[in-house]
Amino acid sequence: MPIKVYNSLTRKKEDFAPVEEGKVRMYVCGPTVYALSHIGHARSAVSFDVIYKYLKYSGYEVKYARNYTDVDDKIINRANEEGVSSEELAERYIKAFDEDMEALGVEVPNFRPKATGTIKKIIEVTETLIKKGAAYELNGDVYYSVRLKKDYGKLSGKNIDELESGSRVDVDERKKDPLDFALWKSSKPGEPAWDSPWSKGRPGWHIECSAMCMEWLGETIDIHGGGKDLIFPHHENEIAQSEAATGKTPYVKYWLHNGFVNIEKEKMSKSIGNILNIRDVLKDYTADALRLFLLSSHYRSPIDYTRDSLKDAESAMERYYKTVQRMKEEYPSAFEVESCIHCIEDRVSEMTSAMDDDFNTAEVIGTVFKEVTRANKLMDEAKATGEKKGVWTEISYTLSLFKEAGRFLGLFARTPEEYFGERNSRAAMPAEEIAGLIKEREEARKRKDFKAADSIRNGLLEKGIVLEDSAKGTTWSVKG
RNA sequence: GGCGGCGUACCCAAGUGGCAAGGGAGCAGUCUGCAAAACUGCCAUCCAGCGGUUCGAAUCCGCUCGCCGCCUCCA
């Protein structure tokens with residue numbers, strides 16, 4: 001069965017068939033590196049990470065590029081405020097972004113081009129556009145002429161004439177048409193600048209993506225992704241300039257756009273001051289919880305970050321890893337055998353048909369949690385009847401299923417030790433100190449001095465540390 | 001004004017023509033010195049409202065109400 005993807009260009013779900021059979025070329029718009037990345041960036045990166053992983057899982061050979069926009073007004077302004085160079089500022093936030101991605105378990109794309117590393121190609125494409133009459137120079141600036149392409153607006157469903165009447169864009173009198181956008185901007189003193197046939201200057205925003213796509217992937221690519229907000233004008237302009245430059249249509253076969261992350265029903269924005277950085281979220285919640293939260297709804301729907309949403313996800317993650325931990329304790333040898341995929345064919349195909357339908361990760365997560373309940377039930381039954389052999393086999397199948405889901409979700413893929421290790425590293429107290437208090441409490445309990453024992457337990461609870469007594473002794477964990 | 005989307009239980013959320021996945025919360029039971037945790041069970045005769053199509057609709061069509069995004073930089 002073919003993979004079906006929702007294509008923003010046609011506004012329909014379509015059967016996915018790459019230009020070259022068996023091979024996929026995909027490009028995703030990365031961050032403009034002038035600040036720490038927020039959970040909106042996380043959503044885009046995680047969504048396309050899953051798509052990338054799933055395409056590979058499905059047998060495609062995938063070339064995946066994600067760029068860094070490292071030259072831009074915001075970068076220049078911020079660098080001036082801080083009194084550092086644009087390069088220095090950009091490098092700092094590229095590094096931070098990479099760290100955040102690693103923490104989130106986002107796989108490194110095959111290519112991570114920078115706009116500043118693609119200047120040669122940008123100039124080349126711009127020259128071609130001028131030569132073809134699709135762009136014009138004005139005092140060292142170069143503009144793309146929107147009027148020349150009759151299908152301008154096909155991605156965003158916009159009509160040029162209506163755009164102009166309702167336009168909020170400042171009209172630059174020099175431009176032939178208010179909608180024309182800059183391919184090359186001449187620089188003011190002190191701004192980063194490169195030599196070009198028109199001026200010492202820098203590229204406009206839209207052209208860099210077209211150039212990087214061509215440079216690293218080719219003139220026609222299969223998938224181009226990004227946030228919904230990029231549809232207009234960014235991706236619309238990319239289409240116009242790329243198709244005008246190469247003469248090849250389409251520039252991109254499938255346009256995929258992820259939905260936004262809202263905070264308490266409000267859009268994240270600087271003016272509201274509700275921008276939530278990835279690293280701040282990861283101070284309170286595990287990367288698995290954040291990923292689960294992001295993948296629990298469809299990638300195109302808006303999602304709402306609330307006080308409870310990450311807590312809910314963390315609780316769910318905890319339940320999953322506690323189950324795996326129990327499996328490991330009761331059936332350790334089931335962890336030593338190879339996965340048996342054909343043994344669980346029905347459940348794997350349940351997952352792949354969900355993924356084939358425009359990457360329905362939420363449904364896959366449902367399958368995994370059904371399996372969690374099932375495994376626990378089986379282990380309960382085995383305990384009651386003493387019949388462990390058949391259950392051992394089932395447990396090994398369950399593990400195979402978890403591993404399989406992990407391959408493309410990038411979730412459910414850690415060991416319980418890793419997961420709880422991350423949780424417990426947030427303890428407000430050194431582990432040795434906690435161990436000491438637990439020992440003290442043990443002794444009190446032996447004396448049946450429950451008052452003293454409870455006081456220790458409550459004291460730890462106030463610091464967010466939960467004690468759990470079991471037959472094997474007392475363990476602790478950080479409260480979610 | 002133009003374009004697009006959404007409305008499923010207390011909360012989140014999948015399902016888009018055949019008798020409502022999953023997670024969280026809650027309640028009950030098992031366990032426990034008591035807890036916590038864990039596990040199990042229960043928890044939408046119903047899918048914003050009203051009409052229509054159909055043997056059959058949350059799923060298709062129409063209307064109404066409500067919410068949101070884009071049209072300016074933004075993931």
Side-chain angles (χ1 to χ4, degrees), chain A residues 8 11 13 28-32 37-48 72-74 153 156-159 161-163 165-170 205 225-234 236 257-262 265-270 275 292-293 296-298 300-320 322-323 325-326 350 354 357 360-373 375-377 379-381 383-384 445 448-451 453-454 457-458 460-461 466-471 474-477 479-480:
Chain A
S8 304
R11 295 182 196 88
K13 262 188 214 172
V28 172
C29 287
T32 300
S37 36
H38 53 67
I39 54 175
H41 296 109
R43 184 175 198 197
S44 176
V46 168
S47 297
F48 289 104
D72 155 278
D73 287 345
K74 291 190 289 290
S156 53
K158 298 200 184 307
N159 172 306
D161 299 314
E162 279 166 8
L163 270 173
S165 58
S167 179
R168 285 187 268 166
V169 187
D170 290 335
W205 175 36
K228 264 198 167 83
D229 54 318
L230 296 178
I231 292 174
F232 188 86
H234 185 54
E236 195 68 72
H257 292 100
N258 65 273
F260 264 48
V261 181
N262 295 322
K265 307 244 187 247
E266 271 186 313
K267 188 177 162 173
M268 248 196 295
S269 82
K270 247 187 284 178
I275 292 183
L292 181 70
F293 165 69
S296 288
S297 8
H298 189 90
R300 280 191 285 116
S301 316
I303 50 175
D304 196 27
Y305 181 101
T306 64
R307 266 178 62 219
D308 292 333
S309 55
L310 263 276
K311 229 182 188 170
D312 288 358
E314 191 77 271
S315 300
M317 242 25 262
E318 208 170 315
R319 171 153 180 252
Y320 169 81
K322 287 240 164 152
T323 301
Q325 197 169 44
R326 179 182 177 193
E350 195 178 316
D357 184 12
N360 191 337
T361 52
E363 207 177 320
V364 176
I365 291 166
T367 304
V368 169
F369 276 98
K370 257 191 281 179
E371 196 66 17
V372 166
T373 301
N376 277 311
K377 220 183 273 185
M379 288 190 286
D380 280 356
E381 279 165 21
K383 223 175 214 169
R445 288 180 74 205
K448 303 248 186 254
D449 183 357
F450 295 120
K451 214 170 165 185
D454 288 353
R457 184 170 64 198
N458 291 333
L460 282 167
L461 189 62
V466 184
L467 295 190
E468 291 169 28
D469 298 328
S470 79
T474 301
T475 57
W476 63 274
S477 63
K479 197 166 63 176

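Being a predicted model, the structure only gives us computed values, none of them experimental. Lettering follows sequence order; numbering is per chain, from 1.
- Going from atom NE2 of A:His257 over to atom C1' of B:C70 covers 11 Å, rounded to whole Å.
- Taking A:Phe232 as the reference, nothing meets the ring pair (Phe, Tyr, Trp, His ring centres under 6.0 Å) condition, with sequence neighbours excluded.
- Residue contacts shown for A:Ser156 are limited to sugar-phosphate atoms, with no base heavy atom under 4.0 Å away.
- Contact annotation for A:Lys228: no contact, since no heavy-atom pair falls under 4.0 Å across all strands.
- Distance, A:Asn262 CG to B:G69 P: 7 Å, rounded to whole Å.
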**Study point:** Heavy-atom protein contacts under 4.0 Å, nucleotides 5-19 of chain B, coded B base, S sugar-phosphate only, - none
**Key:** -------SSSS----
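- Between the CD atom of A:Glu266 and the C1' atom of B:C68 there is a distance of 13 Å, given to the nearest Å.
- Counting any heavy atom pair closer than 4.0 Å across all strands shown, A:Gly227 reaches sugar-phosphate atoms only and no base atom.
- By the ring pair (Phe, Tyr, Trp, His ring centres under 6.0 Å) test, A:Trp476 pairs with no residue at all, sequence neighbours left out.
- Every salt bridge (charged side-chain N to carboxylate O under 4.0 Å, His left out) that A:Lys370 has, sequence neighbours left out, goes to A:Glu350.
- Nucleic acid contact for A:Leu461: none, since no nucleic acid atom lies under 4.0 Å from a heavy atom of the residue.
- Distance A:Phe232 CZ to B:G2 C1': 12 Å, rounded to the nearest Å.
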Practice item. Take nucleotides 34-41 of chain B nucleotide by nucleotide from the 5' end and write B, S or -, depending on whether a protein heavy atom sits under 4.0 Å from the base, only from the sugar-phosphate, or from neither. Key: BBBSSSSS
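- With sequence neighbours excluded, no residue forms a ring pair (Phe, Tyr, Trp, His ring centres under 6.0 Å) with A:His298.
- Using a 4.0 Å heavy-atom distance criterion, A:Val261 is classed as a base contact.
- In terms of the side chain to side chain donor-acceptor pair (under 3.5 Å) criterion, residue partners of A:Glu371 (sequence neighbours excluded) are, by chain and number, A:Arg347, A:Arg374, A:Thr398.
- Rounded to an integer number of Å, the gap from CG of A:Asn159 to P of B:C3 is 10 Å.
- Closest approach to the A:His41 side chain among B:G33, B:A75, B:C71 is made by B:A75 (side chain taken as heavy atoms from C-beta onward).
- One can place NZ of A:Lys270 at 9 Å from C1' of B:C74, the figure rounded to the nearest angstrom.
- Under the rule for a side chain to side chain donor-acceptor pair (under 3.5 Å), A:Ser297 has no partner lying at least two apart in sequence or in another chain.
- Spacing between atom CD of A:Glu236 and atom P of B:G4 amounts to 14 Å, rounded to whole angstrom units.
- In this structure A:Asp73 satisfies the side chain to side chain donor-acceptor pair (under 3.5 Å) test together with A:Arg202, sequence neighbours excluded.
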